[in-house]
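What follows is one structure encoded as structure tokens, with my remarks underneath.
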Amino acid sequence: MSELIHISVAWPYANGDLHVGHLAGALLPADIFARYNRLKGNRVLMVSGSDAHGTPITVEADKRGISPREFFEHYHRRSLEAQKKIGISHDLFTHTDTENHIRVAQDFFLLLLKADALYRKIQRQLYSETEKRFLPDRYVEGTCPYCGYTEARGDQCDNCGRLLDALDLIDPHSKIDGSKPIVHETEHFFLDLPKFSDALLEYIETHAVHWRPNVVNFTRNYIEGGLKGRAFTRDINWGVPVPLKGWEDKHIYVWFEAVMGYISASIEWAQLNGHPEAWKDWWYDPAAKIYCFIGKDNIPFHTIFWQAELMGVKRIYEDDESKQLNLPFNVPANEFMNIEGAQFSKSRNWAIWMPDILTRYDPDAIRYYLTAAMPEARDSEFSWSDFLNRNNNELVATWGNLANRVLSFAYKHWDGRVPEPGELRPEDQELLAKIEAGFDQVGKLFESVKLRAAMREAMRLAQAVNAYLDRAPWFSVIKQDKLSAATTVFTALRAIDSLKVLFSPFLPFSTEQLHMTLGYDRPLYGEQRIETVQDDDRAHDVLVYDSSKASGKWKPSELKAGQLLQKPKPLYKKLDESLVEEECALLGS
RNA sequence: GGCGAGGUAGCUCAAUGGCAGAGCAGGGGAUUCAUAAGCCCUUGGUUGGGAGUUCGAAUCUCCCCCUCGCCA
């Protein structure tokens with residue numbers, strides 16, 4: 001039975017390149033999960049985009065003397081390239097500064113206002129006269145009123161650890177230009193979260209049964225601790241303008257606006273595909289399942305605030321009052337990936353950047369390691385020596401070598417064709433039955449979003465094929481009893497053909513190569529393309545996934561004897577241990 | 001400071017009250033189709049520290065230490 005699966009992937013902030021944290025935290029698990037569901041025959045809609053708004057982008061753009069738009073578009077384009085190379089198969093990866101997104105976010109705002117989910121409140125905030133703008137708390141520095149530390153930030157004192165109100169800082173000054181800010185009053189809209197408290201708890205009790213414990217506990221506790229209204233608008237001159245007269249200078253708070261992108265991107269996808277209403281299948285059919293793939297820092301936004309927004313508007317671009325927007329079905333948040341024993345840090349360049357490592361390593365080698373070390377249950381560690389070992393000892397040695405040894409042997413002894421087997425012996429049937437059962441076992445792990453375990457299970461099956469080959473007659477009998485050898489090689493080829501499917505969500509590039517080597521002509525997966533979309537006034541670049549040529553199915557091999565093989569080539573490269581020292585030297589430089 | 005998660009073998013990680021496991025690394029063995037790959041066997045643990053509950057604790061409770069996230 002075909003299911004509707006929506007995959008909402010956290011929007012990477014476009015103030016820098018993608019790094020392994022983005023991949024391991026959200027992008028890669030989402031892609032693996034999407035590919036599995038496509039193979040299962042489910043209707044998948046996976047969307048995301050670059051988060052283009054917010055203060056850090058304006059600050060960086062100012063530093064470089066360019067516009068925020070020019071600044072984020074640079075990183076957006078690099079993000080598209082990197083994700084295409086590593087095979088993150090978004091049906092649409094767009095950004096939040098499109099005319100479509102701005103329109104949707106503004107309509108969302110107006111619906112929330114109409115639903116009485118927003119209220120107005122006047123605040124006092126620090127204002128920079130030199131920059132003609134309000135200063136976010138973390139861009140203010142001054143003396144801590146408690147401990148006297150002179151470099152306390154507006155939100156927190158790093159010396160005594162106390163939380164501060166920027167207005168309490170002694171001798172406050174702007175971190176950007178050192179000028180002294182003054183106190184201004186400013187009015188804002190707030191999202192009335194307490195109003196949704198009961199409904200949110202109810203949602204957690206009914207929906208979160210199968211969620212990861214850390215996500216449920218954190219969320220329940222957060223709500224039970226008492227929700228407070230949160231500022232929904234900001235004094236910033238970059239973002240989605242508040243669509244009300246007299247409010248033109250204020251913009252919707254970037255966090256609240258970015259999550260709306262899951263809907264705006266679904267709408268954009270539907271329009272690009274010529275079925276403008278198609279997005280509603282995922283957002284209004286109660287049977288559709290929405291999965292949010294995010295990092296742990298994002299949990300409250302995807303388990304509380306986004307739900308409150310959806311509950312608040314109830315429906316958008318839909319007149320039928322019996323319909324209601326779907327709430328996320330699961331939020332499989334990942335923890336963080338540290339690097340060589342220390343936290344990721346952009347300022348110290350303690351980071352592994354995707355565009356950079358993609359110049360040196362194959363995408364599947366990176367995908368294999370990031371999945372094996374994925375922070376599903378707790379923070380995990382990226383270590384270059386571990387990367388080397390897992391690549392050489394697991395990916396190359398166990399799985400790559402298995403495919404290569406069998407294919408080379410078959411190609412050499414049966415004129416480049418799949419051999420005609422004799423009757424299958426008990427050990428052949430046993431192996432094939434084991435592999436067939438793997439589709440259910442690995443599938444179950446996918447359903448509960450345990451991707452590390454799923455890949456390990458596939459690897460265990462590859463080991464079982466190696467063990468089978470150790471006992472079965474083939475190279476030792478090729479001269480005397482070619483039929484026996486043919487039966488073994490046929491069985492092993494079928495096993496490899498099945499393993500190719502099991503591994504393909506994790507390793508889409510190499511399994512596609514293997515698929516072709518095995519003599520198929522239609523690819524397992526669709527094609528990714530970077531395209532330019534023309535809006536009313538502007539244009540923007542997107543990454544799309546075209547599934548029209550995809551033929552992969554989540555089911556055991558039916559490889560036929562006589563099928564013409566292509567000359568096999570190794571699927572993976574063994575890496576030299578010198579890389580460990582070289583890569584570590586690049587960290588922090 | 002409050003809340004949440006985590007600390008398990010050399011490394012990366014499993015194990016939610018019932019004999020502490022896996023992969024890799026390390027050691028030994030029989031092999032040669034294959035990228036010196038694969039297969040079989042195997043050495044490693046006072047589960048961060050302390051106290052308690054229990055017939056039984058990595059797991060539950062309390063205290064302490066350390067790491068991460070959110071509140072910010």
Side-chain angles (χ1 to χ4, degrees), chain A residues 25 136-138 146 153-158 160-166 212-228 230-231 255 294-301 303-305 333-338 340-344 369 371-383 385-413 450 452-453 455-457 459-460 462-478 485 488-489 492 568-575:
Chain A
D137 289 348
R138 58 191 168 126
Y146 301 101
R153 287 201 317 270
D155 53 350
Q156 180 179 349
C157 174
D158 283 337
C160 68
R162 280 196 182 79
L163 303 183
L164 305 176
D165 186 329
R212 294 182 181 168
N214 57 335
V215 183
V216 184
N217 291 344
F218 181 89
T219 303
R220 184 180 288 127
N221 208 275
Y222 197 107
I223 301 169
E224 284 172 353
L227 295 172
K228 289 193 286 255
R230 280 178 73 105
W255 275 106
I294 60 167
K296 66 173 163 179
D297 53 331
N298 253 329
I299 290 174
F301 274 94
T303 60
I304 298 172
F305 307 154
N334 272 356
E335 306 284 307
F336 282 176
M337 179 173 259
N338 296 319
E340 298 287 353
Q343 276 188 77
F344 162 83
Y369 180 61
T371 306
M374 195 169 271
E376 287 183 333
R378 54 174 163 176
D379 288 359
S380 71
E381 194 75 45
F382 187 113
S383 131
S385 66
D386 200 32
F387 170 76
L388 173 84
N389 286 333
R390 284 186 181 276
N391 181 76
N392 289 359
N393 301 331
E394 298 177 18
L395 186 62
V396 173
T398 304
W399 164 234
N401 180 58
L402 168 64
N404 193 236
R405 66 195 292 211
V406 176
L407 278 161
S408 313
F409 194 80
Y411 192 83
K412 180 172 165 191
H413 292 285
K450 291 181 175 162
R452 283 171 75 128
M455 191 170 79
R456 173 122 301 283
E457 184 63 21
M459 195 55 90
R460 207 183 59 77
Q463 279 172 332
V465 182
N466 275 321
Y468 158 84
L469 285 172
D470 201 57
R471 292 188 294 266
W474 56 309
F475 57 83
S476 54
V477 300
I478 186 71
T488 302
V489 170
K569 282 183 301 204
L571 296 174
Y572 310 100
K573 292 189 198 90
K574 194 160 173 158
L575 296 168

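Computed over heavy atoms, backbone and side chain alike; hydrogens, waters and symmetry mates excluded. Model, not experiment: these values are computed from the prediction.
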Output yes when at least one side-chain N/O atom of [X] is less than 4.0 Å from OP1 or OP2 of [N], else no.
{"X": "N221(A)", "N": "rG4(B)", "value": "yes"}
{"X": "Q463(A)", "N": "rC40(B)", "value": "no"}
{"X": "N404(A)", "N": "rA37(B)", "value": "no"}
{"X": "N338(A)", "N": "rU67(B)", "value": "no"}
{"X": "R220(A)", "N": "rC3(B)", "value": "no"}

Need one value for [X]: base, sugar-phosphate or nothing, where a base atom within 4.0 Å counts as base even if backbone is also close, heavy atoms only.
{"X": "L571(A)", "value": "base"}
{"X": "S380(A)", "value": "sugar-phosphate"}
{"X": "Y222(A)", "value": "sugar-phosphate"}
{"X": "A377(A)", "value": "sugar-phosphate"}
{"X": "A373(A)", "value": "nothing"}
{"X": "R390(A)", "value": "base"}

Which one, [options], comes nearest to the side chain of [X]?
{"X": "F475(A)", "options": "rU12(B), rC13(B), rC33(B)", "value": "rC33(B)"}
{"X": "P300(A)", "options": "rC70(B), rA25(B), rC33(B)", "value": "rC70(B)"}
{"X": "F218(A)", "options": "rC68(B), rG38(B), rG4(B)", "value": "rG4(B)"}
{"X": "A397(A)", "options": "rC24(B), rU35(B), rG38(B)", "value": "rG38(B)"}
{"X": "Q343(A)", "options": "rC71(B), rU35(B), rC68(B)", "value": "rC68(B)"}
{"X": "D297(A)", "options": "rC70(B), rU35(B), rC33(B)", "value": "rC70(B)"}
{"X": "V396(A)", "options": "rC24(B), rU35(B), rC70(B)", "value": "rU35(B)"}

Work out how far the [atom1] atom of [N] is from that of [M], and round it to whole angstrom.
{"N": "rG18(B)", "M": "rG56(B)", "atom1": "P", "answer": "14 Å"}
{"N": "rC13(B)", "M": "rU8(B)", "atom1": "C1'", "answer": "9 Å"}
{"N": "rG26(B)", "M": "rC11(B)", "atom1": "C1'", "answer": "12 Å"}
{"N": "rG38(B)", "M": "rG23(B)", "atom1": "C1'", "answer": "16 Å"}
{"N": "rA9(B)", "M": "rU47(B)", "atom1": "C1'", "answer": "10 Å"}
{"N": "rG49(B)", "M": "rA58(B)", "atom1": "C1'", "answer": "14 Å"}
{"N": "rG17(B)", "M": "rU12(B)", "atom1": "P", "answer": "27 Å"}
{"N": "rU59(B)", "M": "rA20(B)", "atom1": "C1'", "answer": "11 Å"}

Can you tell me the distance, in whole Å, between the [atom1] atom of [X] and the [atom2] atom of [N]?
{"X": "N298(A)", "N": "rC70(B)", "atom1": "CG", "atom2": "C1'", "answer": "11 Å"}
{"X": "F382(A)", "N": "rC68(B)", "atom1": "CZ", "atom2": "P", "answer": "20 Å"}
{"X": "N393(A)", "N": "rU12(B)", "atom1": "CG", "atom2": "P", "answer": "16 Å"}

Which is more 5' along RNA chain B, the nucleotide nearest R456(A) or the one nearest V215(A)? Just name the residue. V215(A)

5' priority, RNA chain B, between E381(A) and K574(A) [closest heavy atom]: E381(A)

Taking the ring centre of each residue, are W474(A) and F409(A) less than 6.0 Å apart? yes

Between [N] and [X], counting only base atoms on the nucleotide and side-chain atoms on the residue, is there a donor-acceptor pair under 3.5 Å?
{"X": "R378(A)", "N": "rU12(B)", "result": "no"}
{"X": "N401(A)", "N": "rA34(B)", "result": "yes"}
{"X": "N217(A)", "N": "rG4(B)", "result": "no"}

Is there a side chain to side chain donor-acceptor pair (under 3.5 Å) between D386(A) and Y369(A) once you walk through the steps? CA-CA 8 Å; D386(A) 200 32; Y369(A) 180 61; 3.2 Å; yes

Pairing nucleotide - [N], Watson-Crick or G-U, each distance under 3.5 Å:
{"N": "rA5(B)", "answer": "rU67(B)"}
{"N": "rA58(B)", "answer": "none"}
{"N": "rU53(B)", "answer": "none"}

Applying side chain to side chain donor-acceptor pair (under 3.5 Å) between K296(A) and each of N214(A), N334(A), D379(A), report the one that passes. D379(A)

Stacking check F409(A) vs rC33(B) (5.5 Å / 30 deg): no

Determine whether [X] and [Y] make a side-chain contact, defined as any pair of heavy atoms from C-beta on separated by less than 4.5 Å.
{"X": "R405(A)", "Y": "N466(A)", "value": "yes"}
{"X": "V396(A)", "Y": "N391(A)", "value": "yes"}
{"X": "L571(A)", "Y": "N404(A)", "value": "no"}
{"X": "R456(A)", "Y": "E394(A)", "value": "yes"}

Audit row: E335(A), R378(A), salt bridge (charged side-chain N to carboxylate O under 4.0 Å, His left out) steps and yes/no: CA-CA 5 Å; E335(A) 306 284 307; R378(A) 54 174 163 176; over 6 Å; no

Syn or anti for rG44(B)? Use the chi torsion, O4'-C1'-N9-C4 for purines and O4'-C1'-N1-C2 for pyrimidines, with syn inside 90° of 0. syn

